[in-house]
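What follows is a single structure, written as structure tokens, with notes after it.
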Number of protein chains: 2
Amino acid sequence: MVGSAVVVVKWKGLKSAMLTSDAKILVVDDSDVIRQTLVSYFEEEGYAVFSAANAEQAEELLAREPFDVVLLDIRLPGKDGLTLTRELRTGSEIGIILVTGRQDELDRIIGLECGADEYVAKPFNPREILARVKNLVRRVQRLRSLETRDAETESIRVGGWNLDAHRRLLLGDDGETVQLTEGEYQLLQVLLQNIGKTMSRDQLMDRLKHRAWDATDRSIDVLVARLRKKLREDASHTQQIVTVHGVGYLLSPASGR
Amino acid sequence: MVGSAVVVVKWKGLKSAMLTSDAKILVVDDSDVIRQTLVSYFEEEGYAVFSAANAEQAEELLAREPFDVVLLDIRLPGKDGLTLTRELRTGSEIGIILVTGRQDELDRIIGLECGADEYVAKPFNPREILARVKNLVRRVQRLRSLETRDAETESIRVGGWNLDAHRRLLLGDDGETVQLTEGEYQLLQVLLQNIGKTMSRDQLMDRLKHRAWDATDRSIDVLVARLRKKLREDASHTQQIVTVHGVGYLLSPASGR
DNA sequence: ATAATTTGTAACTGGTTTGTAACAGCCATG
DNA sequence: CATGGCTGTTACAAACCAGTTACAAATTAT
């Protein structure tokens with residue numbers, strides 16, 4: 001259990017209406033400056049960007065989240081980028097972009113032969129690297145969508161409902177259907193992903209709207225109320241969304257599948 | 001009807017037992033020397049290599065054979081490589097590698113933004129270009145194999161219609177026929193390929209036109225409206241294309257075959 | 001070149017969703 | 001059990017989003 005101190009997790013900032021893509025990107029570089037530079041490029045574009053300073057941290061993150069593209073420095077302390085490339089390539093379709101300080105042609109060739117998809121040399125041009133990432137994301141997501149085509153038709157169970165994730169629709173056991181709004185759906189998703197764990201309003205706000213929360217802000221409460229209403233919570237029992245006074249909300253473990 | 005005189009078609013020579021791949025590659029370059037050089041690299045590796053000296057010849061070949069990867073000189077007499085890239089990218093998953101004589105960074109960026117997969121500058125290193133081609137072939141063939149899994153059933157069922165993919169024609173059960181435009185047809189194809197899954201306007205834009213979408217852009221909405229009209233959706237029931245507010249559109253699973 | 005078709009853009013409308021404010025009820029502590 | 005902070009609820013307004021139409025631009029065919 002290390003690392004979370006150095007691991008930088010950031011979501012896109014301001015242009016929240018226009019989330020151009022929901023792609024997840026991982027930046028791996030031991031230089032703080034370069035890592036930050038790259039991270040900020042992609043945040044600008046609306047990607048969900050995570051970063052790590054070495055291969056071990058990277059692997060930890062990769063094991064936990066389904067990333068679309070990894071930007072990987074070739075020279076890393078400990079396990080180097082090429083080794084990681086080879087490991088990643090066997091057994092996943094993730095997009096790999098190697099980043100290096102050297103114009104060295106041999107590095108480039110070996111990188112490509114290890115199965116990297118792209119190769120970018122420092123100093124890099126933001127526009128170029130963005131174009132490459134965008135192309136690669138497109139391809140990877142295309143592949144993923146084809147692979148999982150007739151998989152995961154299974155809808156998720158919550159309370160007495162089945163959740164149709166594509167339509168943002170609750171399907172009642174009695175045949176009733178309730179349409180969730182995008183906000184309600186996302187809230188439910190976040191609670192579902194952290195089932196049994198209390199989420200503070202601050203955390204929820206960050207995950208839902210990528211913005212900060214202040215003490216006078218009741219929007220989360222209202223959103224929870226709306227979701228509860230649609231889940232037909234009678235405020236008495238059958239309570240799925242539990243209020244933790246002074247802390248936040250959590251989804252009762254019994255609510256899951 | 002020209003060209004077949006200049007079109008060079010070659011297959012790997014002797015080491016036929018060790019055919020590393022049955023990938024088809026097309027080399028497009030107006031310089032005989034460079035074309036020959038590239039062709040011989042790939043023949044060595046056991047690819048089926050075809051070549052063309054200009055965009056028109058290339059298109060002729062592309063229309064006839066299912067290539068995996070095209071190597072394209074940016075500077076071509078007549079229609080240039082970038083234009084061809086853009087045309088190829090809309091409506092096919094072929095791998096595109098741009099080749100250029102200049103180290104010009106701008107060329108490279110514009111190429112990538114047009115949707116090229118790779119970019120190689122002359123003078124090129126054989127080993128590098130082979131590595132890139134190999135990676136790209138792997139990806140393209142992977143995609144193809146997934147794509148063709150259940151595609152091409154000639155006539156696809158959608159709603160109360162049969163879709164004649166060749167003529168982009170809807171054949172009604174009552175004998176009625178409706179002609180789709182190219183855009184409407186492609187939209188329907190993409191929705192069909194991702195049946196039951198919500199596609200964001202951004203994704204649709206990318207698949208249809210290979211360009212970005214911004215929040216003020218209503219062209220997808222208009223296209224959907226036109227397709228809906230032709231599918232005779234009465235906005236009430238029999239609704240095949242479902243709007244998911246704040247997210248995108250999806251084709252109802254019930255619409256499929 | 002001209003005409004027809006297709007596609008993109010802009011404006012407007014109606015509807016949905018979301019944030020805010022106000023107030024009422026609840027909880028925890030002294 | 002009274003108080004101050006926290007939460008639930010409701011109503012309203014602002015922001016946002018989708019459908020539609022008409023027209024201009026671009027493309028294609030004639």
Side-chain angles (χ1 to χ4, degrees), chain A residues 14-19 167-169 178-188 198-202 204-205 207-236 239-250, chain B residues 59 79 83 86-87 90-91 167-169 178-188 198-202 204-236 239-250:
Chain A
L14 305 172
K15 297 182 282 180
S16 62
M18 197 199 93
L19 236 169
R167 265 179 262 227
R168 274 108 241 249
L169 207 61
V178 178
Q179 179 70 59
L180 298 182
T181 69
E182 180 62 9
E184 290 155 5
Y185 170 76
Q186 285 188 10
L187 171 62
L188 185 52
T198 306
M199 302 292 287
S200 71
R201 277 161 239 269
D202 214 355
L204 291 173
M205 202 54 149
R207 295 289 285 278
L208 264 50
K209 298 286 151 62
H210 318 322
R211 50 169 228 216
W213 178 84
D214 76 286
T216 72
D217 189 340
R218 314 295 315 292
S219 57
I220 292 289
D221 301 58
V222 175
L223 189 56
V224 169
R226 297 206 249 251
L227 180 54
R228 277 176 168 160
K229 196 173 190 174
K230 291 197 177 172
L231 287 170
R232 298 275 189 285
E233 296 204 354
D234 315 77
S236 51
Q239 185 163 327
Q240 271 114 219
I241 302 176
V242 181
T243 305
V244 184
H245 200 102
V247 186
Y249 298 96
L250 71 83
Chain B
E59 282 174 323
K79 189 186 291 186
T83 311
R86 219 173 298 119
E87 289 175 8
T90 61
R167 300 180 191 287
R168 299 178 349 222
L169 210 60
V178 177
Q179 177 69 57
L180 296 182
T181 69
E182 182 64 14
E184 291 155 5
Y185 170 74
Q186 284 188 11
L187 172 62
L188 185 52
T198 308
M199 302 292 287
S200 71
R201 279 161 237 271
D202 210 2
L204 291 172
M205 203 56 153
D206 192 42
R207 289 288 197 84
L208 264 51
K209 300 286 152 65
H210 185 258
R211 49 171 229 212
W213 179 85
D214 76 287
T216 71
D217 189 338
R218 210 113 38 263
S219 58
I220 292 289
D221 302 56
V222 175
L223 191 55
V224 168
R226 298 206 248 250
L227 180 54
R228 276 177 168 159
K229 198 171 188 176
K230 290 196 178 173
L231 288 170
R232 297 275 189 285
E233 294 204 355
D234 315 77
S236 51
Q239 185 163 326
Q240 270 110 222
I241 303 176
V242 181
T243 305
V244 185
H245 197 108
V247 187
Y249 298 96
L250 70 84

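Bear in mind that the values here come from a model prediction, so they are computed numbers and not experimental data. The chains referred to below are lettered A, B, ... by the order of the sequence lines, with proteins before strands, and numbering in each begins at 1.
Residue A:Lys209 has its side chain nearest to C:dT18 when only C:dT20, C:dT7, C:dT18 are considered. For B:Val222, counting side-chain heavy atoms from C-beta on, the closest listed nucleotide (D:dG19, C:dT7, C:dT9) is C:dT9. In this structure, the nucleotide among D:dT7, C:dT6, D:dA18 sitting nearest to the side chain of A:Thr243 is D:dT7. Comparing C:dT16, D:dT9, C:dT9 by their closest approach to the side chain of B:Arg211 singles out C:dT9. Distance from the side chain of A:His245 is smallest for C:dC27 among the nucleotides C:dG8, D:dT9, C:dC27.
If you run salt bridge (Lys or Arg N to Asp or Glu O under 4.0 Å) between B:Arg201 and each of B:Asp217, B:Asp221, B:Asp214, only B:Asp221 comes through.
Note that the NZ atom of B:Lys229 and the CD atom of B:Glu184 stand 10.5 Å from one another [nearest 0.5 Å]. B:Leu208 CG to B:Met199 CE: the interatomic distance, rounded to the nearest 0.5 Å, is 9.0 Å. Atoms CG and CG, on A:Leu204 and A:Leu223 in that order, are 9.0 Å from each other to the nearest 0.5 Å. Going from atom CZ of A:Arg168 over to atom CD of A:Gln179 covers 9.0 Å, rounded to the nearest 0.5 Å.
Along DNA chain C, the nucleotide closest to B:Ser219 and the one closest to A:Met205 are compared, and the more 5′ of them pairs with B:Ser219.
Rounding to whole angstrom units, CD1 of residue B:Ile220 and C1' of C:dT9 are separated by 14 Å. Residue A:Leu223 contributes atom CG, which lies 17 Å from atom C1' of C:dA21 at whole-angstrom precision. Note: CG (A:Asp221) to P (C:dC23) measures 18 Å, nearest angstrom. Rounded to whole angstrom, the span from the CG atom of B:Leu187 across to the C1' atom of C:dT6 amounts to 15 Å. Here C:dT5 presents its C1' atom at 14 Å from CG of B:Leu180, a figure rounded to the nearest Å. Per the geometry, CD belonging to B:Gln179 stands 18 Å off P belonging to C:dA4, to the nearest Å. In this structure, the CZ atom of B:Arg228 is 7 Å from the P atom of D:dT20, given to the nearest Å. Nucleotide C:dG19 holds its C1' atom 15 Å from the CZ atom of A:Arg201, rounded to whole Å.
Taking only side-chain nitrogens and oxygens, A:Arg218 never comes nearer than 4.0 Å to OP1 or OP2 of D:dT9. In terms of phosphate contacts, B:Thr181 brings no side-chain nitrogen or oxygen within less than 4.0 Å of OP1 or OP2 of C:dT5. Between B:Thr216 and C:dT9 there is no side-chain N or O to OP1 or OP2 distance below 4.0 Å. Within the structure, a side-chain polar atom (N or O) of A:Tyr249 is placed less than 4.0 Å from OP1 or OP2 of D:dG8. For A:Lys229, no side-chain nitrogen or oxygen approaches OP1 or OP2 of D:dG8 to under 4.0 Å.
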